[in-house]
Each structure stands twice: as structure tokens, then as C-alpha cells.
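In what follows, a structure is listed as C-alpha cells, so that the remarks can point back to it.
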Amino acid sequence: MDYLAGLNEPQQQAVLHIEGPLMIIAGAGSGKTRVLTFRTAHLIEKGVDPFQILLLTFTNKAAGEMRQRIEKAVGKDAKNLWMGTFHSVFAKILRFEGKHLGYTPDFSIYDTDDSKSLLKSIIKERGLDDKIYKPNVVFNRISGAKNRLVGPDEYLNNPVIVADDAAAKLPEIGRLYKLYTTRCFQANAMDFDDLLFNTNVLFRDHLEVLDKYQRKFKHIMVDEFQDTNVSQYLITKKLSAKSNNLCVVGDDAQSIYAFRGASIDNILNLEKDYPDLTTVKLEQNYRSTNTIVQAANTVIAKNKSQLKKRVFTENEEGSLIELIKAVSDNEEGRLIATHIFESKMAKGLRNTDFAILYRTNAQSRSFEESLRKLNIKYRIIGGLSFYHRREIKDLLSYFRFVVNQNDEEAFKRIINLPKRGIGDTTVAKITITAAEQKIPVWEVVANIRNYQVGRFSDALEGFSDLIKSFKIMLENPKKDAYEVASHIAKSSGLLKELHDDKTVEGMSRYENVQELLNSIKQFVDNPETEDKTLSSFLQTVSLLTTADDDDPEGDNDRVTMMTIHGAKGLEFNHVYIVGLEEDLFPSQMMLQSRADLEEERRLFYVAITRAEKRLVMSYAESRYQYGRLKPCEPSRFLDEIDPMFLEFARNIRKAVEPIERPAGFVRNITSELSSSNRATPAASLGNGYRGSTSPSANVAPRPSAVSSPASTHVPSADFAPSNTANLKEGDKVEHQKFGFGNVKKMDTNGTDRKATIIFEKGVGEKTLLLSFARFYGVSHVQFLLIGWL
DNA sequence: TTTGCGCGGGTTTTT
DNA sequence: CCCGCGCAAA
């Protein structure tokens, strides 16, 4: 047990504890991941079969990283651990066991958009006004109920809830809940909450199944326990009832997901459910300077619901926290970007040492612009994820419908795409008929002549023939997911439609679709993929978390930007917490809806404790919103860390002047952006709120459902995108993954265009099929700044 | 059924 | 400011 040497006493205690329930209260930066890793390794060393260990993490990425670390300690055995998010692990189990509840293994997973869209249809069908019954509100209400394990019937029979809805003048919600549930079931679909809810139902009603998994999982560990909801907690409680080996790790001070049903009580009350609970507190922070630790402690000191603990550090005092006051959000962006630039130069830091954390995704705009101007590379985590882009959802919907013909939401999306002359009226008729007769939509579509659905049967028959042909291909065991997927993309006409769209947007859409196909190829080629069906790909994809949206292979030296929620579990040398303004952070909404500042404080606590060495905060005195400049007050949080604040307020930075460019800094003149695939940020970004506009295509990370190096495999593509049409020998190019290079040779083979490129960095010579390659730009098109000489 | 125009409302965080 | 919706016209 050589690894025990590096651990402090409570850490060792946690690692060595094997039998019986254990709660590890792990303060920020206290080495929680190490403890979990070593504890797992220790279990395996003591003879526990990895198949019997279930480790539930908050993101799939966290699971992957931890698996690697465990593998380092114990070797290949780590492969057999059950690890993942609650949603992904139990979705997997439901694929096997869903039959007990009437689902097939191919059930669809509805994302939030699908759920809301379905709710909207139901609301309209019931003749209710969707301005009063806002799908959003109804959905949240239903989601809340599910997370507390209140099913539709219990909902309708619960006088308190009913009275509540009546008081809110929304008495129909219970009915809607019931209908929604029925429709999802008919569609052979589960939403995110259902994955947990149904797991609970499964374990409640099918004791033989519960017993099977109780025997299977002898040791259960839950990371980020403070962010589990009742539904999740009950699953772990049931599963561990036989073995009594439940180990939870969490920090009540970092509970920031109450809005989605997480209950801090899980952690506060665990002792009641487990009288023989052993509690270990990890209170020493190894991450941050003392200044940062103390500031963080001050922020949550006034919170009422928390466990007693004292986070301390033996690290150096560190530099004072800095506060930057800007006139506007744009200036804020400039000041922060310049600050980063200066620190980088002064201390020889890399981009990855920096993170900018904000409360809402929409705030990223000003920082993007400013960083770009200083040629600092960045990446945005979160925001509009790749899989929520329209074109991606469209194609995925095709896949979903071919796999599961009951999937009503997928059906609605693709029935008239590309345009077949089937309008909303017809679609509504079909879905209503299906719902009334309690049959799947597909029944109606496939036998359209038997149903009175108007005169457009021809178009509908064309559609159903198309789906039938896809289905036949899907069921052919010789065809892998990639072949089926690319066939669907082509034959449906989706690819063609996007290819014909010559706008910048259209071309980027086309590339995204190619990118999706590419990732399916990688999924299929990946030797670690057990189940290579399209259905399995869909399941994987639906449960990706935002943090998984990362590109481990690419040029990774980038400043990270994300919401504070997204930053949980991460650490950075220098952290900027921006937009510290009243109503923004703490959020107006949060205070209105829950009238409680505590979670916002914890959020601030999380943000502060991400920093290792240096912490900078900023606020703007005015901010663009709906195109208008609005005055802002500094956040009350600045007062909450009062003693610190007074001290560092004296150190408020001078406004930073634009830096002078050192000699040798090359600026390459830009021209003609038109044929580039750059998302022309300057043009599309007004001064105001960016909303859900895609975050600058050129810097946003690529999707990596399944990541692997850019494919050298060359599938046939029918269309070559025109943005690389002018590429010729001798051109200098920048590729998203491989960096700069020179085009050595161009090959045209039918419609396929290949470029052989010699890259400057390491990778050497590569031949890339242009439709699958992504370039920032082509030399005669533009580069802003090439770099330092 | 599709398209174009005018109007109103929207902004939290995520599996 | 931008998106999505409802309504009217083609």
C-alpha cells in the first residue's frame, strides 16, 4: 500500500474503510478524487471483483478520468468497473430490464426539447392556452414531481399538490402530467427524469430484479453526493440495502443543483438512514492559497444549512484577490483579456492556466471577442452543445425513428424534412389519431389508407416506404451503424439539402452533419465499443454531459470559459469570476423563485475554490441587454466577503491600458472572409445578448461523443464542401487538430477531394478527405495573427 | 402548405 | 436585440 504514504490521516481512514456505510465530507480541494481512486484500488487489491463495484460520478468525463487513474494503480481490472453518471448507468440497466416495465431495449431518450415539445402538443390538444400553461412551467412541475418519486396518479390524489396548482391557477397540470406520461410510454421513450423514476419503479415492483443487482453491486460509491436528488438517493439506498456498503463523497458547501431536484438533505440526514454511518471529514485544502480559502469560507459562513467543518490550508498566503471594475460588459471583456495576456507574459503561463467563470452562458460573448483580438485561444464548455444544433437533432431524429418507430417527437421532426408537403395539420391528425386509439404513430403512418388523414396519402406513403427501406438496412446484421447512418443521411435528402445551401450557415451545418457521421464511424471503429448498433450510439449520445463535450486530442492550450456550474470539480491556476453584479450573480431568478440566497452563495463558493494561485473578480457598471445598455449595481457578494473586500478594494486595479504589441508580433492581413468556414463573429455578434447563437464555430470544441484522433479513414462522400474549393498546392492551412501545415498535393477522385498536407507540428504528412477535415481558414483567405516569432 | 410580416416576450444553472 | 408565434396572403 505504498500510495498511503502521500495521504493525510482522514484520507487514509477513508481509503481503508471497507465494510459498512461511509460518508466522506470532502471540502474543496481536499483530494477527494485521490481518495476515491485509492479506495477503489484498495478494494480491488483486497479481492473485490471490479464487476461488483459501482461508482457513480457526476459526468462521464469524470468517470473516464478516474478509471484511468485506477487503471494506473491496479491495471487492466479497472476496465470492468461499473462507472458513469446515474443517468448513463441506469439507462444501460433499463435497456436490459425495461421489458419488465413494457419498454423495449430500443427505447428513445427524450431530451428537454423533446419533452417540452410533446407537452406543448398535449396542451394544445386539450384546448388549453400555452401562454397560461407554459410548457416550461408544466415541465418543471412534472420534473419536480418525478424527482420526488410522485407519479401522475399520486400527483392527482395529493390534496396539497392539487391545492397548490389550483392556487397557481394551473389546475390542469396533474392531467397533463398523466397524459404526458402515457404519451411517452406509447412512444417507447423516457425523458431524463424517467431514467431514474423508472429505475425506482423497477426496483420497487420487481424484487427479483432488485435482488439481482443487489447481489451484483457489493460496493457502491457516489461522488458529488450533495447534488443527488431523492430519486437518485433511493436507488443507491435500495441497491446497497443488502451489502450495506455504500460510500458517498460530497461537500454540502458545494451543493448547487437544487433547481433540478438535488437535495442537500440527502447529505445532512444520511445518518438517520444509516445509524452505523462512519463519517470522515477531509478539511485540509491542498489546492488554493490561504487568501482564497479564507475568502471562500467567509462567503458561506452565514449559511444556515450546512455541516460543521473547518476548511483550512497550509499553503502560502498568496496574493490578494483582485477586483476589476469596468464601465460596460465590453470593457470588462477587454480588461480581463488584457489581464490574462499580461499575466501570461509576466509569469510564462499557458492558456490552460486560466479560466473565466460566469453565471450565465450568455455572458461569454464579450470575452470571446476580446480574447480573439489578443489572439488568445479559448474554448467554451457548455452553451449550445453540438448535439442540440438543429441539423444534428434532425439527423438524429431520423436515426431515432428508424430505430424506434413509436418515437413521436422524432417523427414530428422528420416527417416534413426535407419538405414533402406534409404540414402541421396532417401531423397533428396523425399524432392525435395514434394517441386516441392508443397505437404507435407508425401504425397510422404505415397503414395510412386505413385512417382518414386527408388527401396527402401519397407523400405519406413515400415517407413510410423510405422508413421501411431504412429499417430493412438497419436489421441487416452485415451493415454497421456507420453504413446505416450515412445511407440515411444521403437517402433522406437531408445531406443534399444542406449541401445546396450555400450560405455560411448552411455550409457549417453541412460540416456538422459530416462531423456527426464521422463520430459514428469512430464509434464503430473503436475497439472498446461493445455494442456497435445505431441504437447503442443513440443511447450514448443522448446522455453526454456538457463537460464531456471536450476535445482531448486537439490543440488544448486554451483559456477555458464556462458557467460556474460547469466548473465543478475542476481547478485552474488563475480564475476570473466575472459579472459580479446584483441580479446577475446572485441571480435575480433564483432569488425570486426560491427566495433564498444560500445556494447562490454556495455557487460563489464553488467558483472561488476553483482557483489555485490567483483570483480575479470583475463587474461592469452597465451591461448590454436586449440591445440596451443597462446600469448595474455591484453584487452583494462583494460585501459578504467584507473583511477581504475592504482589504482588496484598496487594491482595485487601475484600468488597464491596451497593451503595446512587442516587436516581432506578426499580423497577417485579412481579406475575403466569404469563402471561409469561419463563423464571422464580428458580423454576427452585435453588442447585445447573444442568445443561443452558436459559439464561434472555429474555436468551439468539436463534439467527441467518442473521441479518437481525426480520422485517417476515408469514407465516400457525395459532396465536397465548397469552402475548401479554392485550396491548392502551396497554400498554408490551419487544421483544427493538427495546427499549421502546407498543402503538398491535391487529389480529385470523382467528387472526393483529398489534400496531402505536411504539418509543422509532429504529425508530419497527412492525407485528409476535405469533406471530413475542418480548417480554420485557408491562407489566402485569412488569419488574424499567426503568432510570435 | 408555405411564406412573409408584425408583434410580443425572453434571459439561470443541466442530466 | 433576436426568436418564435400567429395571422394573412399566395
Side-chain angles (χ1 to χ4, degrees), chain A residues 56-62 84-91 109-113 115 117 120 124 129-131 134-136 140 143 146-147 190-197 224 227-229 231-232 255-262 357-363 365 381-385 387-388 390 416 419-427 454-456 459 541-549 562-568 579 583-594 599-600 602-604 606-607 623-630 684-693:
Chain A
L56 295 159
T57 55
F58 200 71
T59 64
N60 294 305
K61 191 181 168 199
T85 62
F86 269 93
H87 289 86
S88 63
V89 166
F90 293 107
I109 296 175
Y110 278 179
D111 67 15
T112 314
D113 292 341
S115 300
S117 149
K120 196 167 173 181
K124 289 201 168 159
D129 185 350
D130 68 352
K131 295 247 162 65
K134 292 181 185 157
N136 237 326
N140 287 335
S143 172
K146 277 189 196 159
N147 286 330
M190 301 192 201
D191 66 18
F192 290 136
D193 303 317
D194 286 335
L195 294 172
L196 306 172
F197 186 90
E224 307 285 6
D227 288 320
T228 54
N229 59 37
S231 183
Q232 290 167 320
S255 165
I256 54 176
Y257 279 95
F259 70 91
R260 74 173 202 218
L357 307 181
Y358 34 74
R359 179 66 233 263
T360 69
N361 282 306
Q363 285 166 257
R365 194 215 85 241
I381 295 182
L384 184 66
S385 102
Y387 292 99
H388 288 282
R390 192 187 49 171
N416 200 27
K419 302 246 183 298
R420 286 179 243 277
I422 301 168
D424 295 346
T425 333
T426 315
V427 176
R455 62 211 148 81
F456 296 100
V541 149
S542 339
L543 295 172
L544 288 178
T545 61
T546 31
D548 301 327
D549 234 16
M562 60 189 149
T563 62
I564 299 166
H565 284 89
K568 193 169 70 155
D583 292 349
L584 182 61
F585 190 19
S587 150
Q588 159 96 312
M589 282 254 168
M590 178 70 121
L591 297 188
Q592 265 173 11
S593 62
R594 317 210 308 118
E599 180 152 319
E600 291 289 287
R602 291 194 290 266
L603 198 53
F604 193 39
V606 169
R623 182 171 291 275
Y624 278 97
Q625 206 183 13
Y626 312 138
R628 280 163 189 275
L629 204 56
K630 284 195 168 177
S684 65
L685 301 168
N687 278 332
Y689 172 70
R690 197 193 65 212
S692 56
T693 322

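A note on names: the letters A, B, ... follow the listed sequences, proteins ahead of strands, and every chain is numbered from 1.
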Stepwise side-chain contact (heavy atoms from CB on, under 4.5 Å) check, A:Gln232 with A:His87 = CA-CA 9 Å; A:Gln232 290 167 320; A:His87 289 86; 4.2 Å; yes

Among [options], the one nearest [X] by side-chain distance:
X	options	value
A:Arg359	B:dT2, B:dT15, B:dT12	B:dT12
A:Phe259	B:dT13, B:dT12, C:dG6	B:dT13
A:Thr360	B:dT1, B:dT14, B:dT12	B:dT12

Mind calculating the distance between [atom1] ([X]) and [atom2] ([N]) to the nearest angstrom?
X	N	atom1	atom2	answer
A:Leu603	B:dT12	CG	C1'	10 Å
A:Phe192	B:dT14	CZ	P	12 Å
A:Tyr257	B:dT12	OH	P	15 Å
A:Lys419	B:dT1	NZ	P	12 Å
A:Ile256	B:dT15	CD1	P	11 Å
A:Asp227	B:dT14	CG	P	12 Å
A:Asn140	B:dT14	CG	P	14 Å
A:Asp424	B:dT3	CG	P	12 Å

Over all strands shown, is [X] touching base, sugar-phosphate only, or nothing at heavy-atom distances under 4.0 angstrom?
X	value
A:Phe58	nothing
A:Lys146	nothing
A:Asn416	sugar-phosphate
A:Lys120	sugar-phosphate

Any idea how A:His565 and A:Phe259 line up, ring-wise: parallel (<30°), tilted (30 to 60°), or perpendicular (>60°)?
-> perpendicular

Any N/O donor-acceptor pair, A:Arg260 side-chain to B:dT15 base, under 3.5 Å | no

Looking at B:dT15, does its base get a donor-acceptor pair with the side chain of A:Thr112 below 3.5 Å?
-> yes

Between the protein and nucleotides 4-9 of chain B, list every N/O to N/O distance that falls short of 3.5 Å.
none

Closest heavy-atom contact between A:Ala91 and A:Ile109?
-> CB-CD1, 4.5 Å

A:Ser542 or A:Arg420, whichever maps to the more 5' nucleotide of DNA chain B | A:Arg420

A:Leu56 and A:Thr228: side-chain contact (heavy atoms from CB on, under 4.5 Å), yes or no, with the steps?
-> CA-CA 10 Å; A:Leu56 295 159; A:Thr228 54; over 6 Å; no

Is there a side-chain polar atom (N or O) of [X] under 4.0 Å from OP1 or OP2 of [N]?
X	N	answer
A:Asn361	B:dT12	no
A:Thr563	B:dT14	yes
A:Thr425	B:dT1	yes

Given A:Met562 and A:Leu357, is the side-chain contact (heavy atoms from CB on, under 4.5 Å) satisfied, shown in steps?
-> CA-CA 5 Å; A:Met562 60 189 149; A:Leu357 307 181; 3.9 Å; yes

Spacing of NZ belonging to A:Lys630 relative to CG belonging to A:Asp583, to within rounding of 0.5 Å = 9.5 Å

Could I get the full list of side chain to side chain donor-acceptor pair (under 3.5 Å) partners for A:Asp191, not counting sequence neighbours?
-> A:Lys146, A:Tyr180

CA sep, side-chain torsions, deciding dist, call: A:Arg260, A:Asn229, side-chain contact (heavy atoms from CB on, under 4.5 Å) = CA-CA 8 Å; A:Arg260 74 173 202 218; A:Asn229 59 37; 5.8 Å; no

